[in-house]
Amino acid sequence: MALQAPKGTKDLLPEQARFWEYFKKTAYDIFGRYGYAPLETPIFEQTELFVRGIGEATDVVSKEMFQVISGENLKNLLAGQAIKAKSQFSLRPEGTAGVVRAVVQNDLVPQGGAPAKLMYAGQMFRAERPQMGRLRQFRQVGVECLGAEAPSVDAEAIIMLMRFYEAIGIARPSMRLLLNSMGCDACRPAYREEVRSFILDHAQDMCEECLHRAEINPLRAFDCKNPHCAEIMEDAPKITDFLCEECRTHYATVKSYLQLAGIEFIEDTRLVRGLDYYMRTVFEVQVTNGMGAQNAIGGGGRYDKLAEEVGGRPTPGLGFALGFERCVIALEAAGNAFPATDVPSIFLACVDDSVRPVAFELLQALRDAGMTAEMDHQQRSLKSQFKLADKMAARTVCILGPEEVAEGKVKVRNMGTHEEKLIDLEAAAKFLGNFGGMPYNGVMPGIEEALD
RNA sequence: GUGGGUAUAGUUCAGUUGGAUAGAACGCCAGAUUGUGGCUCUGGAGGUCGUCGGUUCGAGCCCGAUUACCCACCCCA
């Protein structure tokens with residue numbers, strides 16, 4: 001059997017790869033207006049960074065990371081030797097930890113300095129069982145703002161996130177923005193305990209999974225898909241009733257900024273994020289139709305303690321990540337095609353094989369002059385060369401036959417108007433440079449005019 | 001890690017209770033007066049029916065195993 005791409009990975013075929021480029025560019029354009037600058041971090045990091053940053057008990061860290069190991073260390077490991085912590089690497093399962101590490105390491109938020117606003121785009125890796133909207137290698141675009149605690153940071157991030165979705169063609173009504181506050185070290189522990197005892201009080205009615213959650217991370221019981229559990233959790237204590245004064249004010253301010261900006265949101269007290277570093281503001285954007293089970297196209301929140309966790313000085317942070325592949329699903333489900341990339345091109349058709357060297361030479365000249373040009377490479381008939389030209393949406397076809405070449409000419413055909421003109425081979429590149437950029441149905445200029 | 005589903009042409013899929021040369025659409029190739037595309041018409045190429053084994057006079061179809069993919073749980077973007 002032919003070799004295949006690894007499970008859970010996908011090739012981005014040209015159309016999709018182009019869209020990925022467009023997707024990144026659009027994100028960087030929009031986020032750039034909000035002051036975010038690009039940052040590229042390694043695709044693998046010390047495993048310890050993710051363990052400390054994301055949380056040892058999270059699923060992402062405890063069972064979904066791809067380990068990276070050099071051949072030498074693998075040999076040592078198989079021989080029963082330990083690998084130094086500094087040589088234990090994992091492919092990044094998300095972007096935030098690496099960015100925060102880079103901020104700390106490069107001191108991008110010096111004491112008293114302005115916040116560092118950073119954005120990234122790239123592949124993430126999680127060793128999960130693949131399904132719709134869930135791959136082992138997937139692409140995320142994300143932003144991180146380090147060094148500012150104000151709720152305006154949270155609000156503007158959410159605003160630009162929604163702006164981005166609309167810019168790439170996901171209609172506002174098809175999305176819903178969920179918002180919640182998870183409290184902070186001051187108020188969350190008490191709440192957490194409250195939820196834990198609530199679950200234990202209803203132990204006989206809850207699924208086994210939730211009982212397990214009660215001990216590990218009680219808040220995750222809010223995510224349980226079991227309808228019965230969900231029903232019970234409806235009556236569970238709500239985080240919003242437990243927020244401390246600071247968290248309450250922060251949350252209220254974020255909401256008021258969003259309202260000011262006309263961004264609709266749904267307060268969802270059950271929204272809890274699975275990564276340990278989140279606190280205070282958390283949000284998630286979902287698309288409801290055609291997404292399968294994985295309907296979150298983006299999400300994020302505040303993580304004011306993460307920098308310390310990674311060994312830096314206390315630096316508040318906020319960020320989000322959005323999934324490229326899931327956005328593509330949302331776009332396709334809504335019947336939206338990728339933006340067409342209309343590259344006007346020129347095709348050189350050869351009447352017989354004798355003129356191929358001449359065509360080949362002209363082809364390079366056209367490309368050197370900045371045009372997109374192509375010829376047949378399969379000895380096809382003239383007729384099918386024209387079909388090829390059509391397929392690549394060539395506006396112009398140059399016909400080279402023994403007769404033309406003998407006179408040092410080339411015949412230029414406007415595929416829209418069927419107009420044909422004989423011009424000198426030597427002047428062809430210049431002529432086509434002027435003509436090639438014309439609208440499909442445009443009239444060819446006179447030769448003197450074009451060569452002016 | 002746990003369930004369920006699918007596997008037939010380049011692609012999307014038909015294929016009746018097991019029966020002779022396995023079909024369609026689209027795509028591809030070639031023609032339809034000379035050296036010229038889109039539309040139309042005609043013809044043609046292309047399949048070890050995922051793989052291995054079993055039942056049977058006979059298997060694309062039934063049984064078992066295996067692999068791959070998909071979907072769901074879980075988790076998350």
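We name chains A, B, ... by the order of the sequence lines, and we start the count at 1 in each one.
Only the P atoms considered, B/G64 is 28 Å distant from B/C73, to the nearest whole Å. When the P atom is used for both B/C26 and B/G5, the distance is 34 Å, rounded to whole Å. On the P atoms, B/U55 is 15 Å away from B/C61, given to the nearest whole Å. Separating the P atom of B/G47 from that of B/U51 is a span of 14 Å, rounded to the nearest Å. Taking atom P on both B/G27 and B/U12, the two are 15 Å apart, rounded to the nearest angstrom. Only the P atoms considered, B/G19 is 11 Å distant from B/A59, to the nearest whole Å. Spacing between B/A65 and B/U2 at atom P, rounded to whole Å, works out to 16 Å. Distance check on atom C1': B/G60 versus B/G18 gives 10 Å, rounded to whole Å.
Distance CE (A/M415) to P (B/G38): 9 Å, rounded to an integer number of Å. With rounding to whole Å, A/L348 atom CG is found 15 Å from B/U36 atom C1'. Separating the OH atom of A/Y278 from the P atom of B/C76 is a distance of 10 Å, rounded to the nearest angstrom. Between the CD atom of A/E94 and the C1' atom of B/C75 there is a distance of 14 Å, rounded to whole Å. In this structure, A/E144 atom CD and B/A77 atom P are separated by 11 Å, rounded to whole Å. If you measure from atom CG of A/L382 to atom C1' of B/G31, you get 15 Å, rounded to the nearest angstrom. Rounded to whole Å, the distance from NZ on A/K383 to P on B/U34 is 8 Å.
Not a single side chain to side chain donor-acceptor pair (under 3.5 Å) links A/T269 to another residue, sequence neighbours left out. Listed by chain and residue number, A/E325 satisfy the salt bridge (Lys or Arg N to Asp or Glu O under 4.0 Å) test with A/R139 (two or more places apart in sequence, or in another chain).
Remark: A/K25 is not positioned above the aromatic ring of A/F23, lacking an NZ or CZ atom under 6.0 angstrom from the ring centre and at most 45 degrees off the axis.
Side-chain proximity of A/V60 to B/C76, B/C69, B/C73: nearest is B/C76. In this structure, the nucleotide among B/G38, B/A30, B/G35 sitting nearest to the side chain of A/K387 is B/G38. The side chain of A/Q294 sits closest to B/C76 out of B/G38, B/C76, B/A30. Nearest to the side-chain atoms of A/Q131 among the listed nucleotides B/U36, B/A77, B/C74 stands B/C74.
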Practice task
Go through the steps to decide whether A/E144 and A/Y303 satisfy the test side chain to side chain donor-acceptor pair (under 3.5 Å), and finish with yes or no.
Solution key: CA-CA 10 Å; A/E144 314 292 346; A/Y303 48 83; 2.5 Å; yes

Handout entry: A/K421 vs A/E419, salt bridge (charged side-chain N to carboxylate O under 4.0 Å, His left out): CA-CA, chis, key distance, verdict
Key = CA-CA 7 Å; A/K421 217 161 235 167; A/E419 188 188 1; 3.7 Å; yes

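A donor-acceptor contact under 3.5 angstrom links the side chains of A/D154 and A/H250, judged on distance only. Looking only at atom types and distance, the side chain of A/T9 has no donor-acceptor partner in the side chain of A/Q137 under 3.5 Å away. Counting only N and O atoms by type, the side chains of A/E374 and A/S345 include no donor and acceptor under 3.5 Å apart.
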Distances under 3.5 Å between nitrogen or oxygen atoms of protein and nucleotides 1-3 of chain B:
unit_1 : atom_1 : unit_2 : atom_2 : d
B/U2   : O4     : A/R129 : NH1    : 2.7

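Non-hydrogen atoms lying under 4.0 Å from RNA chain B are contributed by A/A296, A/I297, A/G298, A/G299, all within residues 296-306 of chain A.
Taking the centre of each ring, A/F31 and A/F320 come in below the 6.0 Å mark.
A salt bridge does not link A/R163 to A/E166: none of the charged side-chain nitrogens sits closer than 4.0 Å to a carboxylate oxygen. At a threshold of 4.0 Å, the pair A/K63-A/E128 does not count as salt-bridged, since none of the basic side-chain nitrogens sits closer than that to a carboxylate oxygen.
Comparing A/P130 and A/E284 by the nucleotide of RNA chain B whose heavy atom lies nearest to each, the residue mapping closer to the 5' end is A/P130. The residue among A/K63 and A/S381 whose nearest nucleotide of RNA chain B lies closer to the 5′ end is A/S381.
A donor-acceptor contact under 3.5 Å is formed by the side chain of A/E404 with the base of B/G35. For a distance-only test at 3.5 Å, the side chain of A/E420 qualifies as a donor-acceptor partner of the base of B/U36.
The salt bridge (Lys or Arg N to Asp or Glu O under 4.0 Å) contacts involving residues 35-57 of chain A comprise A/E45-A/R101, A/E48-A/R52, where partners must be two or more places apart or lie in separate chains.
Between A/F324 and B/A77, no base-stacking contact is recorded for ring centres under 5.5 Å apart and planes less than 30° from parallel.
Listed by first residue number, the stems of RNA chain B with at least three Watson-Crick or G-U pairs below 3.5 Å are B:1-7 with B:67-73, B:10-13 with B:23-26, B:28-32 with B:40-44, B:50-54 with B:62-66.
A distance-only check finds no donor-acceptor pair linking the side chain of A/K7 to the backbone of A/P130 [under 3.5 Å].
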